[in-house]
Amino acid sequence: GCAKKESSAANSNGKTKKKYIISTDATYAPFEYEENGKYVGIDIDLLDAIAKLEGFEYELKPMNFKGIIPALQAGQIDGAIAGMSITDERKKVLDMSEGYYESGLALVVKEGNNTIKSLEDLKGKTFAVKKGTAGAKFAEDNKEKLGVTIKYFDNTPSMFQEVKNGNADATLEDYPVIAYMIKVDPNSGLQIAGEKLTKNYYGFAVKKGQNKELLDAFNRGLKKLKENGEYDRIIAKYIKK
Amino acid sequence: MIEARGIKKKFGNLEVLKGIDFNVEKGEVLCIIGPSGSGKSTLLRCLNRLEEITEGTIKIDGEDIHDRKTDVNKLREKLGMVFQSFNLFPHLNVLNNITFAPVELKKMDKKQAEEKARYLLRKVGLEDKALVYPEKLSGGQKQRAAIARALAMEPEIMLFDEPTSALDPEMVGEVLQVMKDLARDGMTMVVVTHEMGFAREVADRVIFMDDGLIIEEAAPEQLFTAPQNPRTKDFLSKVL
Amino acid sequence: MIEARGIKKKFGNLEVLKGIDFNVEKGEVLCIIGPSGSGKSTLLRCLNRLEEITEGTIKIDGEDIHDRKTDVNKLREKLGMVFQSFNLFPHLNVLNNITFAPVELKKMDKKQAEEKARYLLRKVGLEDKALVYPEKLSGGQKQRAAIARALAMEPEIMLFDEPTSALDPEMVGEVLQVMKDLARDGMTMVVVTHEMGFAREVADRVIFMDDGLIIEEAAPEQLFTAPQNPRTKDFLSKVL
Amino acid sequence: MDFIELFRESFPSLLSGLTVTLKITALALVIATLLGLLFGLMSISNNKLLMFIARIYVDLIRGTPLIVQAFFIYFGLPTALDFKINAFSAGVAAVGINAGAYMVEIFRAGIMAVDKGQMEAARSLGLSYRKSMAKIILPQAVRKMIPAFINQFIISLKDTSILSVIGIRELTQSGEIIIASNYRAFETWGMIGIMYFVIIMLLSYTARSLERRLVI
Amino acid sequence: MDFIELFRESFPSLLSGLTVTLKITALALVIATLLGLLFGLMSISNNKLLMFIARIYVDLIRGTPLIVQAFFIYFGLPTALDFKINAFSAGVAAVGINAGAYMVEIFRAGIMAVDKGQMEAARSLGLSYRKSMAKIILPQAVRKMIPAFINQFIISLKDTSILSVIGIRELTQSGEIIIASNYRAFETWGMIGIMYFVIIMLLSYTARSLERRLVI
Ligand SMILES: Nc1ncnc2c1ncn2[C@@H]1O[C@H](COP(=O)(O)OP(=O)(O)OP(=O)(O)O)[C@@H](O)[C@H]1O
Ligand SMILES: Nc1ncnc2c1ncn2[C@@H]1O[C@H](COP(=O)(O)OP(=O)(O)OP(=O)(O)O)[C@@H](O)[C@H]1O
Ligand SMILES: [Mg+2]
Ligand SMILES: [Mg+2]
């Protein structure tokens, strides 16, 4: 759509900085969330640093996660950085960057529940997952094998509450997200069971076949950040090892 | 039979009845006339406690009806009421309109109640309309059915509130005829009406009300031909 | 002035007017009587095209009013209409009810229209009610205001559809008086009414309708004292 | 993947979502009708306290979003009172209590639309208030309520989609799950739209013909 | 973190969400009123085609969920017709067009509730249909419509929360963002509930007093 036209118009006039509309979720700490009225988080800081390095401007447009991919497809936004795992399904409709963060799924249970330590302990139990996430995909893939029931939720707080209230036995959440939460919220009532279950990467996304320039800029910038140590500084700011 | 003493009725600050006394004897027909807003309907409605009175007493067969101990539903079984706007139950056919209360209240069996209803319908000239719904009836037919409905409870007294005011003129006669027949059969009746001809012909006594008070009370012949009070004269000059 | 020939009117399959002919001369008062449902209102409403006719012609001042070329709004300015249910505009006070149409349509200036309205209100005896809203008026006052509203457009003909049927009996007289005054001033009037006294006193001619047809047409004295048709006789026996 | 295939793959899942939606809506409306009747009668009673309680119920429920109510019933109450409720029951309760508040007003309007003379006539015959209400007023009121009731049915049907926040997999939620795995938002939303549309049209046409037949 | 602090921190953000909610609702209702008036008049006209168009609009919009409509306006239309629309405008349009369909019925009911005699009296005086409608019928209809209009206002106010899917940060979405950073779901939802409640109560009491003053 028009987003493309706008950026190509800027292209022919090499001097003006290109301005992109980039979407994020805003409900996904520590990658993107709000603090004192400003959007912060790993994704936001990375994007900002890369934009400075690569010389483009962006307008941040937080939206409900389930609107992001349709918005990309419709050309309402140029790119998205929202803790979005790189998967084969997504790569069918989106072009995604190199992975910028290694993530993976953690098994989360109610605090004090020490009967569940690994996947095998979950036979016949109930999973709460957030729809459209890698966790949901993982649960679906293991549904048959483990004989679990899956309950889908709209947002993370409901999903966690479900486990706290004992209506579901476990939930799956991206490891860094849940680790962060348990750390900052002493009343979370949740704990991580066992080790990381999977390994995957978050990527920056643009509409398939469009905005290659932006995608390239992201990849280039990311590489520079990793080289100059800025990347580690940003991660350390949010996740203290 | 009815003995009303010092009845006052207020709606909020508005005093609508300002001290009314009257009697009705068994078998008597009492007509109440008077200008709009004078309190005729309110007075009638106090008799079966559709309105509570503010002061005074009303005794029916010696029983103080506005007493706390009086069972208002039992009282109302004794008093049949006919409204200006008929108020037939639109979701029941004519027969069921009539049998509904007897079956519910007198525990009459359905069959017996229907026989009774058909007898009453014959009496008011509606035997062929038993299974028809009210909306299909003309105004005059509706009012006759409403009278039959009230009679089905075998009331001792019938109250009529302008029973012909909502009717087309050519239907007034048929309803008045039914009322005349009732009076002839000895029913005790209190009738609020604008039909001076009827009052003159059927009433034993006529009361003229204005502004919440009984202004004049007399036999019809006297009240219509030689009204004593100037307000009665003025009213009669307008409506006759 | 009005010349109606072979008027038929159907609502769907129901033929309500079955072929009506009549004339009204300038300055004449024509009363239409007849039982409920006989088509009196429908006939009156055809005269100002509130209903379209199915067959026939109606000419007013020689102009075929149901013609496509006739401007229906211009036509209606010539014809004042008074309804049974008054139909005053509840959101306007009496004065504005009266001035509304002249100001909108005759481009009369507000001031002049108000003077006119006050003159008319005096004529119908409501000079003190100019700034009152309709809900505060009694039925008789409402109807007199409605007559003043119709007169404000200076119609050549006034149509009345049972103007006193919705009134309490003691208010009938005041409205009929206004209508009598109008007739005396030479207004051409067509009046559907159940007030036989009025018809007798004021009408130049009376039409008796039944079942969509004119059954009898005569001077009032003749029609009321010596009706020719048995249906007329029967109707009159019920309402007189 | 062409549309036919997409349809074949997602239809069973959407259909089961639709079934959940319809089940919840139907049960919720039974509750709503009972609540509406109860509080509706309270709101027209002469007892100030009963009137006040009914007023509070209506104001409180109409004044807050369904999503908050659903959270409260599913997560809040069980935590506070230490009991367990399954999502389906909580969903039915939330939608039912929510629609109930609107039903109060619908019942009230329906009863008030019955001519006052009907109650007076019934009482004059010696019938008790309760019997007059049950056998004379309500049968007439119910007929007048049909259009408003159907409106509420439609609203509740759509509101059910909010229950995805407590993990109920109704029609909208089923659709979103499908979209989350195949990213075919437009076609899938299209199918969902049509399903809602068909149900709602069926409802509103049945209602209209019912209304015509019942006009007495 | 105690509640006072939580309140102090999240209140400004919730308030700005509320402002967005109110802005969208207000603008949308202006659109809805215009659409409702236009299609409402069409639906009572004698022209079968106009009636049919109005019927289609009402059925189609009432028959599909707002979320589908919002997606369509924000994502679908711009792609199909190749233009760009910002989320705020799309949100206003979606809620406006949605509420418009209900407003059609509200206008229709309001106009039909005005006594037929009013139109006849106006026409009899020689006023055109248009003028009679504008100056005689509508002023009376509008008064009768107040309760239904306020109901719609409340519904649209709450419906606005659905617009988070197209990235609008209204009250509910603000709340979710806050919860995502402080994990205090109950207190935050409580505050949101109260904010909705206060606005809705203000609305409905203003409406009731307005209604009382306008009863003519
Ligand atoms: N429920 C009520 N609340 C307040 N005022 C009332 C009520 N019922 C009647 N009134 C007032 O009481 C007065 C008497 O009314 P009532 O109906 O008894 O008069 P009426 O003589 O029957 O008149 P009409 O001939 O018009 O029927 C009127 O001023 C009326 O406005
Ligand atoms: N708009 C309409 N649609 C269908 N039928 C109608 C309509 N208006 C009137 N009718 C029918 O036409 C017939 C004549 O009605 P009309 O109102 O002209 O009678 P009327 O003589 O004025 O009676 P009344 O004395 O009761 O006013 C009646 O059977 C009536 O039901
Ligand atoms: Mg009365
Ligand atoms: Mg008529």
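FYI, side chains are in, hydrogens and waters are out, and symmetry mates aren't considered; it's all heavy atoms of this structure. Sequence lines set the chain letters: A, B, ... in the order given, protein chains first and strands last, and positions in each chain run from 1.
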- [ ] Run the numbers on E:Val68 and D:Trp189 for side-chain contact (heavy atoms from CB on, under 4.5 Å), then give the verdict.
- [x] CA-CA 6 Å; E:Val68 171; D:Trp189 279 117; 3.4 Å; yes

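- Heavy atoms of other residues, nucleotides or ligands lying less than 6.0 angstrom from OH of D:Tyr205 number more than 12.
- Here D:Ile67 is the residue among D:Ile154, D:Ile67, D:Ile192 with the most heavy-atom pairs under 4.5 Å with chain E.
- At a 4.5 Å heavy-atom cutoff, D:Phe72 makes no contact with chain E through either its backbone or its side chain.
- A 6.0 Å sphere centred on CG of D:Asn47 holds more than 12 heavy atoms belonging to other residues, nucleotides or ligands.
- Chain E forms the most heavy-atom pairs under 4.5 Å with one residue out of D:Ile155, D:Leu60, D:Ile199, D:Asp159, and that residue is D:Leu60.
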Open item on the list: Applying side-chain contact (heavy atoms from CB on, under 4.5 Å) to E:Leu66 and D:Lys158, what does each step give before you reach the verdict?
Closed with: CA-CA 9 Å; E:Leu66 177 56; D:Lys158 296 203 221 153; over 6 Å; no

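- No part of E:Leu202 comes within reach of chain D, as not one of its non-hydrogen atoms sits under 4.5 angstrom from that chain.
- Heavy atoms only, all atoms of each residue included: D:Phe197 and E:Asp59 are closest at CE1-O, 3.2 Å.
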